[in-house]
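These notes concern the structure reproduced below.
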Amino acid sequence: MPMVLGLALLAFWLYCLFDVITTPEEETRNLPKVLWVLIVVLLLAVGGLLWLLLGRPRVPSPLAPEAGPGETARPAAPRGPDDDPEFLKDLDRRLRDED
């Protein structure tokens with residue numbers, strides 16, 4: 001059982017370290033990115049928890065209102081191929097050409 005707990009803590013720490021490293025500098029909160037990397041590396045699980053609670057960028061809620069004046073709106077969610085009328089027309093044309 002202790003081995004499983006140790007592996008879980010290692011996985012959590014690696015996730016947090018990777019998350020800090022891949023987060024753009026301008027999106028980190030409260031401290032510069034370099035300090036967050038040091039905190040996560042030196043404090044292990046506690047550093048990872050601090051990163052998740054205090055440093056990680058906030059993810060906008062889907063229920064949050066649209067951006068107001070002076071703010072940037074969230075980019076549109078990616079559309080699937082079946083939502084793209086141009087893709088469907090092209091697919092239909094290609095299927096008819098194959099017959």
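Residue indices begin at 1 and follow the sequence shown.
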Return all side-chain donor-acceptor pairs below 3.5 angstrom for residues 45-52, not counting sequence neighbours, or 'none' if the list is empty.
{"unit_1": "Trp51", "atom_1": "NE1", "unit_2": "Asp19", "atom_2": "OD2", "d": "2.9"}

With rounding to the nearest 0.5 Å, note down the distance linking [atom1] in [X] to [atom2] in [Y].
X: Ile39; Y: Cys16; atom1: CD1; atom2: SG; answer: 12.5 Å
X: Arg29; Y: Leu53; atom1: CZ; atom2: CG; answer: 8.5 Å
X: Arg56; Y: Thr28; atom1: CZ; atom2: OG1; answer: 13.0 Å

Are [Y] and [X] co-members of a hydrophobic cluster defined by side-chain heavy atoms under 4.5 Å apart?
X: Leu44; Y: Leu5; answer: no
X: Val20; Y: Leu31; answer: yes
X: Phe12; Y: Phe18; answer: no

#### Entry: For Pro24, side-chain contact (heavy atoms from CB on, under 4.5 Å) partners two or more places apart
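Applying side-chain contact (heavy atoms from CB on, under 4.5 Å) to Pro24 gives Glu26, Glu27.
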
### Task
Return the set of residues passing side-chain contact (heavy atoms from CB on, under 4.5 Å) with Leu10 (not counting sequence neighbours), or none when no residue passes.
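Scan of Leu10 (side-chain contact (heavy atoms from CB on, under 4.5 Å), adjacent residues dropped) gives Trp13, Leu14.
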
### Task
Might you work through the side-chain contact (heavy atoms from CB on, under 4.5 Å) test for Lys89 and Asp92, ending with a clear yes or no?
CA-CA 5 Å; Lys89 286 178 191 174; Asp92 187 48; 5.8 Å; no

### Task
Check for a donor-acceptor pair, side chain of Arg93 on one end and backbone N or O of Leu88 on the other, with a separation under 3.5 Å.
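No, the answer is negative, given that no donor and acceptor are paired below the 3.5 Å cut-off.
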
### Query
Does Asn30 reach the main-chain N or O of Leu54 with its side chain, forming a donor-acceptor pair under 3.5 Å?
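Judged by distance alone, yes, a pair lies under 3.5 Å.
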
### Task
Go through the steps for Thr23 and Trp36 under the test side-chain contact (heavy atoms from CB on, under 4.5 Å), then give the verdict.
CA-CA 11 Å; Thr23 299; Trp36 279 118; over 6 Å; no

